[in-house]
Amino acid sequence: MKTNEKKIIRIFWLAVILLVLLAIMFAGYIRVIRPNADSKGLLLDNLAIDEQIPLESILGENGYLEISDVDDQIHSVTVLLKCEREDPNSSINVVISADGEKLAEKTVHFRDREEKFSRLELQKPYTPDKDSRLEVRFYDDGSYVPGTASLGRATWNIPQTAFYTDEGSQDYDIGISVEGGKNSYLNVIFCILLAVFLLTYAVLCFGVYQKNWKPEQVFVALGLVFGIIYTFLWTPYSCPDEYAHFSTAYYYSSELLGEPAVDEEGNVLVRAEDMTLTPQESHTRKYSYSLYETWNESPDQEEQELISLNRGPLSSIPAVAYAPQILAILIARILNLSNIFMLMAGRLFALAAYLVLGYFAIRWIPFAKRAMLVLMLGVSTIQQAASFSYDCLLNACAFLFAACLLRMAYEKEKTTVKDWVLLFVLSIVFSPIKVIYVVMTLAVFLIPNEKIGLKNVQAYVLKAALVVVSFGAVLLQRASSIVNIASTPVDTINNQVVQGYDLMTILRNPLKVIVLWADTLRVKPVDYFRHMFAGVENANGVSISWTVILGFFILLTVALIVEKNEKVIDLRGKIMGIFISVSLFGALLLTFTLDNSCTDLASQFVMGIQGRYFFPFLPLLFPAFQSRNITAERSVLPQLSIGIYSMQFLAICTILETAAGR
């Protein structure tokens, strides 16, 4: 077939793929995004409840809730006012006013214990200015019966509201939401995504078909685009355990600045401004996106006051695990930048570190470059890379460690001091973050002694030293955690005493443990598989389609096909890769068996393991699946690149539609 005909056919199929993807995107716009863009939106939301406060304890002439910094037309206000005991004669008056003008009034009766919210519709839409203060007051005209109602104390102390009693301003907020305006910003987000998708597709096609991009170049291009999209499309705290990671990074930033890091109870202290985006946004929704409008507003003096974040830092996690995020927080705090800027910058700094380390990981690994590309651009890996999670640096360092090690073993004629220094540094960084991955360092014995330039005994000592140093770093950083996991068979979880496994229990009841692990391997792999390619649903409430999950799996399988004249790892390397991977999976099972919060003696399966935990050691396993039985005559990188783009396109559309529908 002539070259021109091939180009025409290629352009035709590329156009068909793009049109199909655009049709799916526009269908979602018509079905979900446009209707929600035209509906009323939330202007303020703080309805997460920490505890109930008896209403009578805060009634008084000076008891009221103040609302400020609402920049759109207000239609209604909802207060967490719960009926605790039914009494048809008990009632309270709730009044909303601004600048001396009464905007809404409602008499709330406490006749039904199912009632938790009191919604007040304003008599007419109210548009506040910058200095406006709405007041929500609770009046007792003698009809209220003590013990019949309570106000919900909000979990998060946000800067837009303040609660006052006879004792003055309180250090907590009352649960409240404000509705009004519209969600027209959803149309803007859709248009921006559409433009980015079209531009990315054009650049990608040009790069892979005209410029013959290498896998590492494709990684940087697509990783940058999708990473930035994920940074903003997944609102803060929506990635697994991101709230805990943010609090830990913030704690280290305070330590570096010499400022108070925790309160008397060990909870992390933050600026009041830093609660603009609360962990309530973990399940990304359309309201969450509206908060981005204040990204460039610097906090005032009142918002600089330190308040409790309601949780402590993660113990035993080294500061280096959050180095990019800590740097972003430091810059934001020193320059007095907004909370939203801080959160976005933290994610972008983490993404930048992931892209830099990932670029060299793909460039240097002598085998399975395309498989690394697919793995590092999946939904779960990019979700973690563009977040405050330490998984960003853990995955990137582990990928680069595997690449450097395999390069030293199979590609370089002689290893250098720089090679070994890099291996030592990477292993010391990623091993203490999650203890089990220290087993990866055993792969250092793949490097032939003759490539080291030392006598056999000295070469073995050098390799053993890397393993020992890595284990030492783990023990130094995580000794208390290891002792606790292995020696506390009884614990209290959710106020219940549970009997868990310890090492002696396992040794005395090996059959019980074998059955536990066998049942886990029988039932849980589907969950692991889904989490590897579609993120963690229970962290963000977004269910990625199985089309995307299976699509990435097929891409990964195709990526493992060896191309003509491409190197293949030897049998020794394949066996070592399988051994390490099996050892790590066994270590995962053992770790989560010994963790009482995940598995106890009554558990049917080992709980707590997620598919993303397999990422760090997969690069060592990929070459084991390569074979000369099937080879590709031509590079499949262009097709893989278009496939990755297509699967991410569908995943991003799902995320936006789910958030817009909430």
Under the rule for side-chain hydrogen bond (donor to acceptor under 3.5 Å, both in side chains), what residues qualify as partners of D173, not counting sequence neighbours?
T161
Would E242 and R347 pass as an ion pair if we require N to O under 4.0 Å?
yes
I want to check something: taking the side chain as every heavy atom from C-beta on, are I158 and L44 in contact at a cut-off of under 4.5 Å?
yes
Are any non-hydrogen side-chain atoms of P215 and L637 less than 4.5 angstrom apart?
yes
Rounded to the nearest 0.5 angstrom, the CD-CG distance for Q280 and L47 is 6.0 Å
Would you tabulate the side-chain donor-acceptor contacts of residues 383-396 under 3.5 Å, counting partners in other chains and residues two or more places apart, or write 'none'?
unit_1 : atom_1 : unit_2 : atom_2 : d
Q384   : NE2    : S389   : OG     : 3.3
Q384   : NE2    : D391   : OD2    : 3.0
S387   : OG     : Q384   : O      : 2.7
S387   : OG     : S389   : N      : 3.1
S389   : OG     : D391   : N      : 3.0
D391   : OD2    : R612   : NH1    : 2.6
N395   : ND2    : D391   : O      : 3.2

Note: R634-E563 ion pair, threshold 4.0 Å (strictly below)
no
Answer with yes or no whether the side chains of N187 and Y29 bring together a donor and an acceptor at under 3.5 Å.
yes
Heavy-atom side-chain proximity of V374 to F533 below 4.5 angstrom:
no
Could you check if a side-chain atom of L618 sits within less than 4.5 angstrom of a side-chain atom of M372, using non-hydrogen atoms only?
no
Side-chain heavy-atom pair R285, D45 within 4.5 angstrom cut-off:
yes
When the side chains of residues 194-209 are checked against the rest of the protein, which donor-acceptor pairs come out under 3.5 Å, sequence neighbours left out?
unit_1 : atom_1 : unit_2 : atom_2 : d
T200   : OG1    : V196   : O      : 2.7
Y201   : OH     : L14    : O      : 2.7

Pairing donors with acceptors under 3.5 angstrom, does anything connect the side chains of S238 and S282?
no
Hey, are D72 and K182 close enough for a salt bridge, meaning a charged N less than 4.0 Å from a carboxylate O?
no
Sub-6.0 Å ring centroid separation between F219 and Y359:
no
Report the C-alpha separation of L621 and F614 in whole Å, then their side-chain angles, then the decisive distance to 0.1 Å, and conclude whether the side-chain contact (heavy atoms from CB on, under 4.5 Å) test is met.
CA-CA 10 Å; L621 187 60; F614 303 135; over 6 Å; no
Using only heavy-atom distances, determine whether the side chains of E281 and T278 contain a donor-acceptor pair under 3.5 Å.
yes
Please determine whether side-chain contact (heavy atoms from CB on, under 4.5 Å) holds for the pair V218 and L640, giving the CA-CA distance in whole Å, both sets of side-chain angles, and the decisive distance to 0.1 Å.
CA-CA 10 Å; V218 175; L640 286 174; over 6 Å; no
Can you tell me how far apart CD1 (I655) and OG1 (T284) are? Round to the nearest 0.5 Å.
8.0 Å
Begin from the C-alpha positions of E657 and R31 and carry the test side-chain contact (heavy atoms from CB on, under 4.5 Å) through to its verdict.
CA-CA 9 Å; E657 290 173 22; R31 179 173 49 86; 3.0 Å; yes
Derivation and outcome, side-chain contact (heavy atoms from CB on, under 4.5 Å), residues H245 and Y322:
CA-CA 8 Å; H245 297 305; Y322 301 102; 2.9 Å; yes
Kindly check if the number of other-residue, nucleotide or ligand heavy atoms within 6.0 Å of CH2 (W546) is above 12?
yes
My understanding is that only one of F399, F401, F615 makes a ring-ring contact (aromatic ring centres under 6.0 Å, His included) with F430; could you say which?
F401
Side chains of E179 and S76: donor-acceptor distance under 3.5 Å anywhere?
yes
For the residue pair F190 and F26, does the interplanar ring angle fall in the parallel (under 30°), tilted (30 to 60°) or perpendicular (over 60°) class?
perpendicular
Any heavy-atom pair between the side chains of L256 and L330 that's under 4.5 Å?
yes
Counting N and O atoms only, with roles assigned by atom type, does the side chain of D129 sit under 3.5 Å from a partner on the main chain of S132, one being a donor and the other an acceptor?
yes
Nearest 0.5 Å, please: how far is CZ in F553 from OG1 in T557?
4.0 Å
Are M342 and L337 packed together at the side-chain level, in the sense that at least one heavy-atom pair is separated by less than 4.5 angstrom?
no
Measure centre to centre between the rings of Y185 and Y289, then say whether the value is under 6.0 Å.
no
Assign the ring pair Y230 / W234 to parallel, tilted or perpendicular, where the plane angle (0 to 90°) is split at 30° and 60°.
perpendicular
For the residue pair Y437 and F617, categorise the inter-ring angle as parallel (less than 30°), tilted (30 to 60°) or perpendicular (more than 60°).
tilted
Is any side-chain heavy atom of L309 closer than 4.5 Å to one of Y250?
no
